[in-house]
There are 2 protein chains.
Amino acid sequence: MIFNCKSKIVLTDKQKTLIEKIGISYEKEGLQPVAARISGLLYVADNPHLTFDEITEALQISKSATSNGINLLLQMQRIEYITFSGDRRRYFRLKISNWREEFKHKIEVMAGFNSLMREVLAIRTKETPEYNERIKELADFLDYVFQQLPLLLQQWDKEKNNKI
Amino acid sequence: MIFNCKSKIVLTDKQKTLIEKIGISYEKEGLQPVAARISGLLYVADNPHLTFDEITEALQISKSATSNGINLLLQMQRIEYITFSGDRRRYFRLKISNWREEFKHKIEVMAGFNSLMREVLAIRTKETPEYNERIKELADFLDYVFQQLPLLLQQWDKEKNNKI
DNA sequence: CAGTCAGTTCATAATTTTATGAACTAAAAA
DNA sequence: TTTTTAGTTCATAAAATTATGAACTGACTG
């Protein structure tokens with residue numbers, strides 16, 4: 001058998017508080033409570049790689065809750081895992097590098113709302129030109145943002161490269 | 001008594017479908033189902049001003065549901081109402097002009113997450129420099145976006161004025 | 001003063017979401 | 001072969017959210 005150093009995770013009060021804050025923040029975005037706490041834990045834990053049992057224990061939740069939370073986060077591509085030969089456990093970690101994807105996803109959600117606004121404009125009565133114009137203005141702005149945000153990403157990359 | 005033309009609102013299937021789509025979209029943002037449907041209704045209804053009873057009837061919901069939904073939307077500043085002398089009813093309409101405020105609010109929510117990331121960085125162990133660097137990168141990008149988005153609003157205003 | 005109108009409030013019901021623990025599985029170890 | 005490990009599944013429980021209808025309020029009306 002391979003030497004398994006299962007050091008129990010001890011969280012400081014600061015870490016616990018921050019896990020809850022991050023949890024609430026993610027909950028507001030619609031993430032399930034347990035999945036939100038797992039994300040928080042992975043942000044603050046000293047070791048960025050945690051096993052199933054470490055998560056279960058650190059958050060004091062049931063195995064089923066951990067199982068569901070982890071599988072949700074895996075499916076959402078917010079976490080990933082690595083394994084080591086001779087050790088059956090998966091070591092989960094945040095896919096932080098994925099924030100670009102998440103950013104793009106948020107833009108797409110905005111764009112989705114925008115296309116609803118276009119649908120609204122298409123079926124609205126023509127009797128209310130001022131009102132329709134306001135909706136159009138909103139839709140146009142969302143178009144503009146949708147077009148500019150990818151540029152923002154590019155510009156940031158450029159600035160970052162200049163600094164290095 | 002003043003002549004009260006209470007023309008019952010008749011919704012086409014297209015309108016109903018769109019109300020539901022907008023409803024779901026707003027629900028995903030965390031808005032309560034009824035409030036989300038009321039918003040949808042106010043987007044698609046021929047008349048941008050609807051009374052309490054018109055909303056209740058058009059959406060086939062209870063008076064209490066309408067009352068709660070309307071009060072929530074009023075409190076969130078997403079709708080407002082006007083009145084006419086000799087008519088006790090309130091005529092509700094979307095505060096569409098408020099989309100700027102909502103946009104700013106979304107930026108603030110992002111900034112809130114960013115400040116959580118800064119807190120994470122402050123308490124994270126220094127033993128994981130690469131991981132911390134990734135989190136810092138995310139936080140820096142959010143800072144950048146937070147700084148650039150108000151400019152985006154200004155630029156759009158400029159472009160719009162040039163067109164007029 | 002009785003009745004109507006335009007809502008609000010509240011207890012309750014229905015629904016949905018979330019979490020649990022016990023039983024299960026499949027692979028590896030003893 | 002039996003046991004342990006690393007989870008998964010599922011029925012159920014607990015909690016939170018949402019909607020309802022009946023009773024209520026307070027301003028106006030006749």
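Letters go in sequence order (proteins before strands), and every chain restarts at 1.
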Rounded distance (Å) that lies between atom [atom2] of [N] and atom [atom1] of [X]:
| X | N | atom1 | atom2 | result |
| --- | --- | --- | --- | --- |
| K28(B) | dT17(D) | NZ | P | 20 Å |
| L59(A) | dA19(C) | CG | P | 11 Å |
| K63(B) | dT25(D) | NZ | P | 14 Å |
| D53(A) | dT5(D) | CG | P | 10 Å |
| I61(A) | dA14(D) | CD1 | C1' | 17 Å |
| N71(B) | dT18(D) | CG | P | 16 Å |
| I38(B) | dA19(D) | CD1 | C1' | 12 Å |
| Y91(B) | dA6(C) | OH | P | 8 Å |

For the side chain of [X], starting at C-beta, report the closest nucleotide among [options].
| X | options | answer |
| --- | --- | --- |
| P33(B) | dG7(C), dA19(D), dA6(D) | dA19(D) |
| S62(B) | dG21(D), dT20(C), dT8(D) | dG21(D) |
| R89(B) | dA19(D), dG26(D), dG7(C) | dG7(C) |

Legend entry - Of Q60(B) and I70(A), the one whose closest DNA chain D nucleotide lies more 5':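 Closest to the 5' end, via its nearest nucleotide, is I70(A).
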Legend entry - Polar side chain donor-acceptor pair, Y26(B) to Q32(B), under 3.5 angstrom: no
Inset, instruction - Indicate, with yes or no, if F146(A) and F113(A) share a hydrophobic cluster defined by side-chain heavy-atom contacts under 4.5 Å among Ile, Leu, Val, Met, Phe, Trp and Tyr. - result: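 F113(A) clusters together with F146(A).
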Legend entry - V145(B) reachable from L151(B) in the ILVMFWY side-chain graph, under 4.5 Å edges: no
Inset, instruction - Please examine the side chains of I70(B) and F52(B), heavy atoms only from C-beta on, and report whether any two atoms are closer than 4.5 Å. - result: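 Yes, close enough: below the 4.5 Å cut-off.
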Inset, instruction - Answer whether the closest heavy-atom distance between the side chains of D46(A) and Q15(A) falls below 4.5 Å. - result: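 In short, these two side chains touch, coming nearer than 4.5 Å.
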Legend entry - Position toward the 5' end of DNA chain C (nearest nucleotide), S64(A) or R90(B): R90(B)
Legend entry - N/O donor-acceptor pair, side chain R88(B) with base dC28(D), under 3.5 angstrom: no
